[in-house]
Amino acid sequence: MKSTKIIKKAIAVLMAVLLMSTPVLAAELVPVRATFEGQGWSVDWDAAHRRVIVTSPGGATYFIAIDQPGSIIENGRVYSPVDVVELLMFAGEQAQRVQDRMVEDVIIHGKLTRVTYGDNVAYLFGTMHAAQPHWFPLHPMAEEAMRRADVFAFEHDLAETAALLADPAVVAQIGAIQLLPDGLTLVDILPDDVYENFVLNLGTYSFLGITYENVRYLTPIALVMAIEQLAFTLLGVDFSISVDEYILSVALENNRPTFGLNTMLHEFEILFDVPTEIQAYALVDFPTFKDYLEAVADMGLIEMYAAQDIEGMREMVTAIYGNASDNPYMELFHYNLLRVRCHIFVDAIARFLTETEDPSTLFVAVGMLHIIGGCCGGIVLYLLEDMGFEVEPLWKAAQ
């Protein structure tokens, strides 16, 4: 997942607005209960919200709202468009593939690394901006490092972020960053062949409420991030919990102060700091929804994190960004994501280590991709080592 959890929260605000205007799907209707139960799914009726809850044999759960255009109730039975039903079944199959590859006995060491400067210590822990409940508690050495910590640091201040997102002015600012400038639409910035392929394949996303009419003013970055989040959600990834928030809960329970290595708004500005003409390359070879969902399932990021497969994550990032020079958008987005932000994080960590007068211990939680290293991976640990700090990979003892 390319974006941090706060970016996902902000994009979720935007998508909630988008999905308020869902298209009418002119398609053959099929009975929901009979169709899903015929494939081994369970079906329940949520009267309070006027929706059907369908759950795959593997436990993936989706909702079909009756008030959404396209679905109807007739003689006590719910009918929905056949393409919606087929796509949800496909999503359930892909979610099952992801679940089948998950490690059951999870011990998350987070590539725990100790960085030392004089009497000051920083423990760096690689997080995931989502989680599954059975991932906690973390590896004993990580839990011990948190117990020792005097201060906790995150990519951005999580408490401050919650307050900012409650401010309508901030939400409006975030929304403005995600819109094309000067009333431009996607047809104005995309080459003809890219635009034609994009509009053609975007039709396969209509069951999600995504149509050209309600995304045409979005920047390509905002669009691909929103679709990415929706895809992960359909694959069963729960963004309501995260490794970061578990670590924050430990800090709060022990009355430890916290701070952000960067500000939330600056994080957002960095990721969107891509010229419009280069952003257009984000939509080159835009896939159908099925192809995209399958590609995200194939990526295996959640499963690799659960298994703490550091080498697998390095290979995944290399596969995504290794040929970034072939696509100017991927090259610049990768630079902002895993170069610019890593330097910002390192500067904040270095200041703490060198400027804190009393001996102190800092626990730093940043996304795993910022510390995995490799030819295309995050360089936080490399930078700290190059600056002369003593860097000790504690995680190797956990393997």
Side-chain angles (χ1 to χ4, degrees), residues 1-15 124-131 151-179 218-229 232 239 242-245 247-248 251 258-275 278-279 282 301 317 320-321 329-352 362-372 377-381 383-384:
M1 289 171 285
K2 302 185 185 74
S3 47
T4 62
K5 191 178 185 195
I6 182 55
I7 302 298
K8 294 181 183 299
K9 284 183 178 178
I11 289 173
V13 173
L14 178 69
M15 290 310 296
L124 268 67
F125 184 94
T127 70
M128 175 66 67
H129 305 309
V151 184
F152 286 71
F154 301 87
E155 292 181 15
H156 52 87
D157 190 314
L158 299 180
E160 178 187 60
T161 293
L164 285 172
L165 287 179
D167 183 344
V170 173
V171 173
Q173 184 177 352
I174 291 172
I177 292 172
Q178 298 179 72
L179 297 176
L218 287 182
T219 63
I221 290 179
L223 179 59
V224 297
M225 283 185 172
I227 289 175
E228 176 190 67
Q229 180 173 354
F232 273 107
F239 291 112
S242 72
V243 179
D244 310 73
E245 289 178 341
I247 294 171
L248 176 64
T258 66
F259 69 93
L261 303 175
N262 196 10
T263 67
M264 181 269 287
L265 285 175
H266 193 216
E267 288 275 278
F268 218 90
E269 290 166 353
I270 290 170
L271 290 177
F272 280 82
D273 186 20
V274 179
I278 293 181
Q279 285 200 44
L301 178 60
V317 174
I320 295 173
Y321 296 112
Y329 162 74
M330 293 293 286
E331 185 175 29
L332 186 52
F333 188 81
H334 172 260
Y335 177 77
N336 288 340
L337 179 74
L338 291 179
R339 290 296 185 268
V340 173
R341 294 172 68 227
C342 283
H343 279 275
I344 291 172
F345 298 160
V346 166
D347 285 347
I349 295 167
R351 284 197 304 273
F352 179 92
L362 173 69
F363 191 94
V364 182
V366 295
M368 179 67 90
L369 296 189
H370 294 295
I371 64 174
I372 59 171
I379 56 173
V380 166
L381 296 176
L383 291 173
L384 288 167

Taking all atoms of both residues into account, what is the closest heavy-atom pair of [X] and [Y], and its distance?
| X | Y | value |
| --- | --- | --- |
| Met128 | Asp244 | O-OD1, 3.1 Å |
| Ile247 | Ala365 | CD1-CB, 3.8 Å |
| Gly367 | Glu155 | N-OE2, 2.7 Å |
| Ile349 | Val380 | CD1-CG1, 4.5 Å |
| Asp157 | Phe259 | OD2-CA, 4.1 Å |
| Gly377 | Arg339 | O-NH1, 3.1 Å |

Run the side chain to side chain contact (heavy atoms under 4.5 Å, CB included) check on Gln279 and Phe333 step by step: do they pass? CA-CA 9 Å; Gln279 285 200 44; Phe333 188 81; over 6 Å; no
Distance check, rounded to the nearest 0.5 Å: [X] atom [atom1] versus [Y] atom [atom2]?
| X | Y | atom1 | atom2 | answer |
| --- | --- | --- | --- | --- |
| Arg341 | His266 | CZ | NE2 | 10.5 Å |
| Glu245 | Phe154 | CD | CZ | 9.5 Å |
| Met368 | Phe125 | CE | CZ | 6.5 Å |
| His370 | Leu383 | NE2 | CG | 12.5 Å |
| Ile270 | Ile344 | CD1 | CD1 | 3.5 Å |
| Ile177 | Ile221 | CD1 | CD1 | 11.0 Å |

Look at the rings of Phe152 and Phe363 and say which category their plane angle falls in: under 30° parallel, 30 to 60° tilted, over 60° perpendicular.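 The rings of Phe152 and Phe363 sit tilted, inter-plane angle from 30° to 60°.
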[X] vs [Y] side-chain heavy atoms within contact, under 4.5 Å:
| X | Y | answer |
| --- | --- | --- |
| Leu158 | Thr258 | no |
| Thr219 | Val274 | no |
| Pro275 | Leu332 | yes |
| Val224 | Tyr329 | yes |

Start with the C-alpha gap between Phe272 and Asn336, add the side-chain angles, then the distance that decides, and say whether side chain to side chain contact (heavy atoms under 4.5 Å, CB included) holds. CA-CA 9 Å; Phe272 280 82; Asn336 288 340; over 6 Å; no
For His156 and Leu265, what are the C-alpha separation, side-chain angles and deciding distance, and is it a side chain to side chain contact (heavy atoms under 4.5 Å, CB included)? CA-CA 9 Å; His156 52 87; Leu265 285 175; over 6 Å; no
Glu267 side-chain N/O to Asn262 backbone N/O, donor-acceptor pair under 3.5 Å: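 No, because the side chain of Glu267 does not come within donor-acceptor range (under 3.5 Å) of the backbone of Asn262.
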Carefully, step by step, assess Leu337 and Leu271 under the rule side chain to side chain contact (heavy atoms under 4.5 Å, CB included). CA-CA 6 Å; Leu337 179 74; Leu271 290 177; 3.8 Å; yes
